[in-house]
Number of protein chains: 2
Amino acid sequence: MSEPGSSRTDARRLRGVLAPVLTPFQADLSPDARRLAGYCRYLLAHGCAALAPFGTTSEANSLSVEERERLLEAVLEDGVPADRLLPGTGSCSLTDAVRLTAQAVRRGCAGVLMLPPFYYKAVSEDGFFRFFAEVIERVGDARLKIYLYHFPPVAHVGFSSTLVERLLHAYPRTVAGMKDSSGDFSHTKTMLDAFAAAGFDVFVGSERFLLAGMRGGGAGCISATANVNAAAIDHLYQAWRSPEAEKLQSEVDGVRGAVEKVPLIPGLKAIVAHFAAEPGWLTVRPPFVDLTPAQRDGLLADLASVKFALPDLRG
Amino acid sequence: MSEPGSSRTDARRLRGVLAPVLTPFQADLSPDARRLAGYCRYLLAHGCAALAPFGTTSEANSLSVEERERLLEAVLEDGVPADRLLPGTGSCSLTDAVRLTAQAVRRGCAGVLMLPPFYYKAVSEDGFFRFFAEVIERVGDARLKIYLYHFPPVAHVGFSSTLVERLLHAYPRTVAGMKDSSGDFSHTKTMLDAFAAAGFDVFVGSERFLLAGMRGGGAGCISATANVNAAAIDHLYQAWRSPEAEKLQSEVDGVRGAVEKVPLIPGLKAIVAHFAAEPGWLTVRPPFVDLTPAQRDGLLADLASVKFALPDLRG
């Protein structure tokens with residue numbers, strides 16, 4: 001099934017600031033579904049337009065498929081609206097990618113954020129096209145919206161312009177956008193210039209590029225640090241056309257800079273643990289390790305030196 | 001549980017030539033368990049001392065955990081001896097690595113070949129140590145033998161000498177050896193010099209390094225091309241001390257060189273499909289794509305120009 005014509009007028013299109021939601025663990029390293037659901041509600045109430053659970057920052061690839069499925073069900077059962085969820089469903093395994101994507105569509109999620117299969121490196125564009133075509137055909141649901149997750153610094157594979165073009169041409173109503181975590185705004189600009197006018201929604205992967213992205217026709221950002229700084233990033237998103245935009249950009253950059261001095265995911269968890277007064281949040285799955293106490297103290301001191309607040313996280 | 005003392009006198013230690021067994025698929029891309037079992041028996045009868053299913057060449061990371069579990073059960077039920085199996089059980093997911101490793105131990109496999117968790121790249125040695133320690137402790141079975149799968153060109157993460165040393169120190173009876181697919185014999189030599197005398201069995205990841213590896217105290221090779229050239233590679237393995245060893249090395253290098261002109265995994269499947277007269281063997285899962293007819297013809301012509309035979313594969 002190839003899709004005839006394009007229809008890009010879906011009122012439910014995602015925009016704004018999305019957090020790739022941190023995954024809390026119990027002491028035995030099992031995921032803490034109850035805490036995750038509460039945290040999702042917190043983020044939606046404090047600056048996030050929507051949520052991208054099961055991303056890189058969520059340690060999703062350190063989870064099993066069953067764990068990911070159960071967590072999504074738990075979050076939905078807790079009342080988090082499906083139309084504000086963009087779960088990560090990419091996998092090296094075709095079977096798993098189909099299974100996770102089908103669940104997200106069945107449960108009414110706004111879309112899915114898909115890494116390419118990232119184990120093999122010498123893969124042709126044909127091969128990646130074939131992978132996504134198989135997922136789309138097997139899921140076989142007109143509601144499916146795929147956002148391509150471009151993250152070469154970690155995945156070491158990604159989406160070229162010609163691959164995006166082929167996918168958009170074959171599946172114009174399914175291929176909805178991209179999270180560009182290349183860290184290279186010239187790549188983002190290429191994607192924006194080539195595809196944004198046709199309704200392909202480009203989210204920058206770090207708020208460092210949010211203002212530039214919005215000026216270039218972007219849709220927002222999906223950024224790790226939205227876990228702890230969503231309100232300020234959303235302020236920038238809302239005010240990107242205003243005279244204060246540069247100042248707001250500089251402020252969120254300051255927070256990002258402080259967090260980036262330590263390993264990102266344990267660092268974000270340390271911030272949440274501190275402001276929620278819940279040490280259980282510190283737990284990361286291997287291959288990550290907790291911050292050292294000195295790293296934690298340094299991080300909190302650095303955050304105290306920039307414009308940063310994380311209110312209402314307790315309880 | 002840390003293991004007191006070392007015991008390296010296990011008569012069941014793996015040696016020689018192992019194939020990372022190709023995984024055959026049906027037309028619908030589901031694994032063909034019956035064909036896999038028959039192929040395992042064929043390989044054991046034609047030069048392979050043991051088998052390493054669910055490796056890179058097996059497209060294992062393109063399979064789900066359930067598919068890997070079911071295939072292992074099918075191979076065992078077909079009569080392939082567990083003590084000649086070294087299944088790949090590494091995963092980015094701690095949960096999945098534990099589950100696959102526990103199955104292999106429970107079913108009596110000789111050992112497991114474990115990739116490190118390969119999604120995240122900026123991971124500390126502590127983090128990798130913690131991952132393997134968690135797997136070993138959670139499996140909690142004295143029969144477990146782990147072979148570390150070092151493959152930086154694809155996994156982009158690997159095992160440093162100090163990491164191997166830490167793992168050996170903590171788990172001397174469990175950490176049994178390494179498959180070194182670095183493609184860099186100086187790394188292999190470092191591993192051999194540091195650890196082989198203590199009974200750490202180093203397998204080279206390509207037969208190109210087999211003679212050098214054996215001269216340095218290695219245990220054999222685990223090589224993709226053992227799927228199609230095991231008898232000749234085993235001949236070299238058996239004769240590595242003989243005057244004809246260099247000639248045998250050169251002959252297996254010739255076959256490897258012919259195969260390496262095309263994408264390796266589709267190429268190996270094309271060879272098996274041709275000599276087994278079973279076109280079903282051509283099927284690869286995305287993100288791989290089949291060879292073009294011209295690539296297939298070129299590969300077979302190249303093999304005809306070197307010393308190569310693949311007998312008895314029909315039926």
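Naming convention: chains lettered A, B, ... in sequence-line order (proteins, then strands); numbering from 1 in each chain. Being a predicted model, the structure only gives us computed values, none of them experimental.
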Mind checking the [atom1]-[atom2] spacing from [X] to [Y]? Nearest 0.5 Å is all I need.
X: B/F151; Y: A/Y119; atom1: CZ; atom2: OH; result: 5.5 Å
X: A/E134; Y: B/D28; atom1: CD; atom2: CG; result: 9.5 Å
X: B/Y120; Y: A/S62; atom1: OH; atom2: OG; result: 5.0 Å

Step by step, work out the side-chain contact (heavy atoms from CB on, under 4.5 Å) result for B/V289 and A/E125. CA-CA 10 Å; B/V289 291; A/E125 192 175 291; over 6 Å; no

Name the region of [X], side chain, backbone, both or neither, that has any atom closer than 4.5 Å to a heavy atom of chain B.
X: A/F118; result: side chain
X: A/P116; result: neither
X: A/A60; result: backbone
X: A/L94; result: both
X: A/I265; result: side chain
X: A/V284; result: both
X: A/T56; result: both
X: A/R68; result: neither

Identify which part of B/L115 has an atom lying under 4.5 Å from any heavy atom of chain A, answering side chain, backbone, both or neither.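 The side chain, not the backbone.
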
With a 4.5 angstrom heavy-atom cut-off, which part of B/P263 approaches chain A: side chain, backbone, both or neither?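 Neither part, no heavy atoms under 4.5 Å.
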
Please say whether more than 12 non-hydrogen atoms of neighbouring residues, nucleotides or ligands are located less than 6.0 Å from NZ in A/K121.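 Result for NZ/A/K121: enclosed.
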
Can you name the closest pair of heavy atoms from A/P286 and B/G127 and give their distance?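 Answer, listing the atom of A/P286 first, then B/G127: CB-O, 4.1 Å.
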
I would like to know whether B/N61 and A/S93 meet side-chain contact (heavy atoms from CB on, under 4.5 Å); could you show each step before the answer? CA-CA 6 Å; B/N61 287 313; A/S93 153; over 6 Å; no

Among side-chain atoms of A/T95 and B/R285, is any donor-acceptor pair under 3.5 angstrom?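 Note: A/T95 and B/R285 side chains meet the donor-acceptor criterion.
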
With chain A, which of B/H156, B/E67, B/E66, B/E59 has the greatest number of heavy-atom pairs at distances under 4.5 Å?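 Most pairs with chain A among the choices: B/H156.
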
